[in-house]
Amino acid sequence: MVDLLRPLRINAVELLRRPGATLSVAEEILAEALGVVHERLNGEIGVAIQLDSMNDGIAVTGTVGAPWAAPCRRCLKDLSGVARVDIDERYQINTIDEEAYPIENGQLDLVPMVRELALIELDAEQVCQPGCKGLCPTCGIDLNMASCDCDNTVTDHRWSALDGLVLDE
Ligand SMILES: [Zn+2]
Ligand SMILES: [Zn+2]
């Protein structure tokens, strides 16, 4: 069986031996193989990173991209895109930095980091535009497209209830 996560499991022995050496990884990873399950997910997880051998470990920089599709949380219009997050992490044999990921038996495992970042990106709430006016809570009209005569002055709490409804997964 093909190990779909193999590109993310890197033998770091040679890199560690040569500070200054670099290695690039550019892969599309099947989300299921990563264990990334999310209703917004819409394709494969893109990993584009560079590993730099340092004296105290390996610096990992680049991006993780997660394609997503979801309705605008305010007006429910269908949206899609790729959420990208910049990576700037450190892997160390002896994890001196509290934030550093471990290198175990000369292996640098990018899987936990990629999985974690992809899930964080997919959890980010999307709106169609920063000023999206959303739907009228009374008549449901799209307030970006039209206006209505509903009196919504006391419906603040209902707005948050509507948000909760949309966010509920
Ligand atoms: Zn919207
Ligand atoms: Zn209305």
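Values in this document were obtained by computation on a predicted structure and should not be read as measured data. Counting convention: from 1, in listed order, for ligands and their atoms alike. For the numbers below, each heavy atom of this structure counts, side chains included, while hydrogens, waters and symmetry mates do not.
- Checked by atom type and distance alone, the side chain of E27 never pairs as donor or acceptor with a backbone atom of V47 at under 3.5 Å.
- Annotation: angle subtended at the Zn ion (ligand 2) by C150 SG and C139 SG is 110°, to 10°.
- When SG of C128 and SG of C132 are joined through the Zn ion (ligand 1), the resulting angle is 100° to the nearest 10°.
- In this structure, V127 and R73 approach most closely via the heavy-atom pair CG1-CG, 3.4 Å.
- No donor-acceptor pair under 3.5 Å is formed between the side chain of N105 and the backbone N or O of Q107.
- In this structure, SG of C148 and SG of C136 enclose an angle of 110° at the Zn ion (ligand 2), rounded to 10°.
- Checked by atom type and distance alone, the side chain of R84 never pairs as donor or acceptor with a backbone atom of V64 at under 3.5 Å.
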